[in-house]
There are 2 protein chains.
Amino acid sequence: MNPSQLSTRERILEYAGDMFGKKGFKSTTIRMIAQEAGVNVAAVNYHFRDKEGLYAEVIEDIFSKGFARFPSLDPKSDPAMSAEDRLKLFIRGTIYRILSPEGWGGLNGKGRLIAREMMEPTSAFTQVIETYIRPHKDRLVAILWEIVGKGARQEDILLSVVSILGQCIYYVYATSIIERVAPEYTPVENNIDKIIDHVFRFSLGGLENIKADKEIA
Amino acid sequence: MNPSQLSTRERILEYAGDMFGKKGFKSTTIRMIAQEAGVNVAAVNYHFRDKEGLYAEVIEDIFSKGFARFPSLDPKSDPAMSAEDRLKLFIRGTIYRILSPEGWGGLNGKGRLIAREMMEPTSAFTQVIETYIRPHKDRLVAILWEIVGKGARQEDILLSVVSILGQCIYYVYATSIIERVAPEYTPVENNIDKIIDHVFRFSLGGLENIKADKEIA
DNA sequence: GCAAAATTCAAACAAATGTTTTAATCATAT
DNA sequence: ATATGATTAAAACATTTGTTTGAATTTTGC
């Protein structure tokens, strides 16, 4: 839909998301948002009460749309599938949600706002953690138990969750550094499928090592 | 040294680092820094010209001290060592620099400021990338070539660099989320050595898989 | 078509904040 | 000891910015 035919409220929500992501909460001024969205400054307070109210709705909006488009449990996955294949789908969904333009668009889009929230959660984020992030993590935990086997230690599972999600999220988080330090590297946005393959292979190898160590011990 | 016997200039540098990390550049006010450091507001402009000048010096100060204390090339490492052992030392140095109290102290210390800069580099960071980060990455690249073998593809090496550094850095970046989503997990700060072991094992397994794929292809 | 409600708008307000000014104080070298 | 320069201090300045106000305009329900 053409932005100009969205309602005032929706236009504010849209531009505020970009702006909060690009500049952070404090550096983003209501006047900037209003100008970008082509609305009056007072419209923000009218529709969202205050700047914090707007921010909270932006966060909720981004997460609900992101997980709706790329659920943590891929609809193509099926209980009969091997745990390895489900891991691949899980990684694919996560990376597409974070990096792709249909998702959060990486560091140049809403992804930047998410990155800020992960580092420094605001009160608006508490709800999001319970609704989206915890179930997401729990699904990964379940997959890893299957791959590593019941005899594994919970600690190793949790550390592996962090290792896998860390790889995925680091691609958003460090895009600008990656591009500066390794200019020979094709921009992240054009490489999503290669990144997915790599993270999957790398993680599967990592899990093999965790499994092997368990059996030795 | 007792903070109260540091020079005005050094006290400002110290408290500004914490404050910029905790609240970000924009939200940190000169008045807050001055109050914490117990100096007059005008002292900041006197010693550092303006807020940006102060910020630039804070960044340079943090990186020079961090890499001096935990160099990317561990002094204990030795060319005769196996590449695997050097990888372990590399990961150890990186994680200690980022997480330990003698280093950047993770998300509760200067680590937070670094995390901000990685996501959104300021002009003060450009210098730091060339001086510290690029050589750091180049050392890891060299180690990985040895482990994976000369026949590997450059692309796989670069992706693996991101996978390994991503795991290390994610522990700073996501500490607060980790603690909220997995309360059963012991706080990151008390777990540094376990994290190092895990990242090393996981990464070695990942690299095995990269190596194996290369040989198949 | 009209009254009531919802929305938009321009202007003003009040607080926060980076910076400058000017005078006072301290340190240092002769 | 004193003069010179470096440092600190309090106050004022200029700008930015979130929010409110009250009138104008548009939309909605009947």
Side-chain angles (χ1 to χ4, degrees), chain A residues 1-61 112-113 116-117 120 122-125, chain B residues 1-61 112-113 116-117 120 122-125:
Chain A
M1 197 184 328
N2 189 321
S4 62
Q5 39 192 274
L6 291 172
S7 72
T8 298
R9 189 191 157 83
E10 283 166 323
R11 278 216 308 286
I12 294 174
L13 220 43
E14 188 64 23
Y15 286 100
D18 286 344
M19 200 84 69
F20 280 136
K22 277 203 195 82
K23 326 253 303 177
F25 179 78
K26 185 80 179 197
S27 292
T28 299
T29 72
I30 292 188
R31 281 175 176 80
M32 286 163 51
I33 296 172
Q35 184 169 9
E36 290 287 314
V39 306
N40 189 274
V41 281
V44 172
N45 295 82
Y46 176 75
H47 286 283
F48 301 93
R49 190 183 139 92
D50 57 14
K51 194 181 174 186
E52 279 195 27
L54 169 59
Y55 186 80
E57 291 221 31
V58 165
I59 294 287
E60 168 56 29
D61 186 61
R112 185 172 226 137
L113 188 51
R116 285 182 198 282
E117 278 292 334
E120 179 176 32
T122 66
S123 61
F125 204 55
Chain B
M1 197 185 329
N2 189 322
S4 62
Q5 39 191 276
L6 290 172
S7 73
T8 297
R9 190 190 156 83
E10 284 166 323
R11 278 216 308 286
I12 294 174
L13 220 44
E14 188 65 22
Y15 285 101
D18 285 344
M19 200 84 69
F20 280 136
K22 277 202 196 82
K23 325 255 302 178
F25 179 78
K26 185 81 178 198
S27 292
T28 299
T29 72
I30 293 190
R31 281 175 176 79
M32 285 163 53
I33 296 172
Q35 184 170 8
E36 289 287 314
V39 306
N40 189 275
V41 280
V44 171
N45 296 82
Y46 177 75
H47 285 283
F48 300 94
R49 190 184 138 92
D50 58 14
K51 194 182 175 185
E52 281 195 27
L54 168 60
Y55 185 80
E57 291 220 32
V58 165
I59 293 287
E60 168 57 29
D61 186 60
R112 185 172 226 140
L113 188 51
R116 287 182 196 281
E117 278 292 334
E120 179 177 31
T122 66
S123 61
F125 205 56

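On a predicted model such as this, the values are computed, not experimentally measured, just so you know. Proteins come first, then strands; the chains are lettered A, B, ... in the order of their sequence lines, and each starts at number 1.
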>> Looking at C:dT7, I'd like to know if its phosphate oxygens (OP1 or OP2) sit under 4.0 Å from a side-chain N or O belonging to A:Thr8.
In response: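 Looking at the OP1 and OP2 atoms of C:dT7, neither is under 4.0 Å from any side-chain N or O of A:Thr8.
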> Taking OP1 and OP2 of C:dA6, is either one under 4.0 Å from a side-chain nitrogen or oxygen of A:His47?
Replying inline: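 False: A:His47 side-chain N/O out of range (4.0 Å or more) of C:dA6 OP1/OP2.
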Would you mind reporting whether [Y] and [X] have side-chain heavy atoms less than 4.5 Å apart?
{"X": "A:Glu120", "Y": "A:Arg116", "value": "no"}
{"X": "B:Leu54", "Y": "B:Leu13", "value": "yes"}
{"X": "A:Lys51", "Y": "A:Val44", "value": "no"}

Atom [atom1] of [X] to atom [atom2] of [N]: distance rounded to whole Å?
{"X": "A:Tyr55", "N": "D:dG18", "atom1": "OH", "atom2": "P", "value": "14 Å"}
{"X": "B:Phe48", "N": "D:dT7", "atom1": "CZ", "atom2": "P", "value": "12 Å"}
{"X": "B:Tyr46", "N": "C:dA27", "atom1": "OH", "atom2": "C1'", "value": "11 Å"}

Donor-acceptor pairs are to be reported for all side-chain atoms of residues 21-36 of chain A against protein atoms at under 3.5 Å, with residues two or more places apart or in another chain.
from, atom 1, to, atom 2, distance (Å)
A:Thr28, OG1, A:Met19, O, 3.1
A:Thr28, OG1, A:Gly24, O, 2.7
A:Thr29, OG1, A:Met32, N, 3.0

> Should A:Val39 and A:Arg11 be marked as a side-chain contact (heavy atoms from CB on, under 4.5 Å) after you check the CA-CA gap, both sets of side-chain angles, and the distance that decides it?
Replying inline: CA-CA 9 Å; A:Val39 306; A:Arg11 278 216 308 286; 3.5 Å; yes
> Backbone N or O of A:Thr122 within a donor-acceptor pair of the A:Glu117 side chain at under 3.5 Å?
Replying inline: yes
> Taking it one step at a time, do B:Phe48 and B:Arg9 satisfy side-chain contact (heavy atoms from CB on, under 4.5 Å)?
Replying inline: CA-CA 9 Å; B:Phe48 300 94; B:Arg9 190 190 156 83; 3.7 Å; yes
>> My understanding is that only residues two or more places apart in sequence, or in another chain, count here; which of them pass salt bridge (Lys or Arg N to Asp or Glu O under 4.0 Å) with A:Glu60?
In response: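 If we apply the salt bridge (Lys or Arg N to Asp or Glu O under 4.0 Å) test to A:Glu60, skipping adjacent residues, there are no hits.
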Taking only nitrogen or oxygen atoms into account, show me every contact under 3.5 Å that the protein makes with nucleotides 15-21 of chain C, one pair per line with its distance.
from, atom 1, to, atom 2, distance (Å)
C:dG18, OP1, B:Thr28, O, 3.4
C:dG18, OP1, B:Lys51, NZ, 2.9
C:dG18, OP2, B:Ile30, N, 2.9
C:dG18, N7, B:Arg31, NH1, 2.8
C:dG18, O6, B:Arg31, NH2, 3.0
C:dT19, OP2, B:Lys51, N, 2.9

>> To the nearest 10°, give me the bend of the helix from C:dG1-D:dC30 to C:dT30-D:dA1, comparing the axes of its five terminal pairs at either end.
In response: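 End-to-end axis angle: 20°.
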> Atom CZ in B:Phe125, atom OH in B:Tyr55: separation rounded to 0.5 Å?
Replying inline: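 Taking CZ in B:Phe125 and OH in B:Tyr55, the distance rounds to 8.5 Å.
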> Of all residues at least two apart in sequence or in a different chain, which pass the side chain to side chain contact (heavy atoms under 4.5 Å, CB included) check with B:Arg49?
Replying inline: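 Listed in chain order: nothing, the list is empty.
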Show me the protein contacts with nucleotides 23-26 of chain C, counting only N or O atoms at under 3.5 Å.
none

> Where is the tightest heavy-atom contact between B:Ala43 and B:Thr8, given as atom of each residue plus distance?
Replying inline: CB-CG2, 4.2 Å
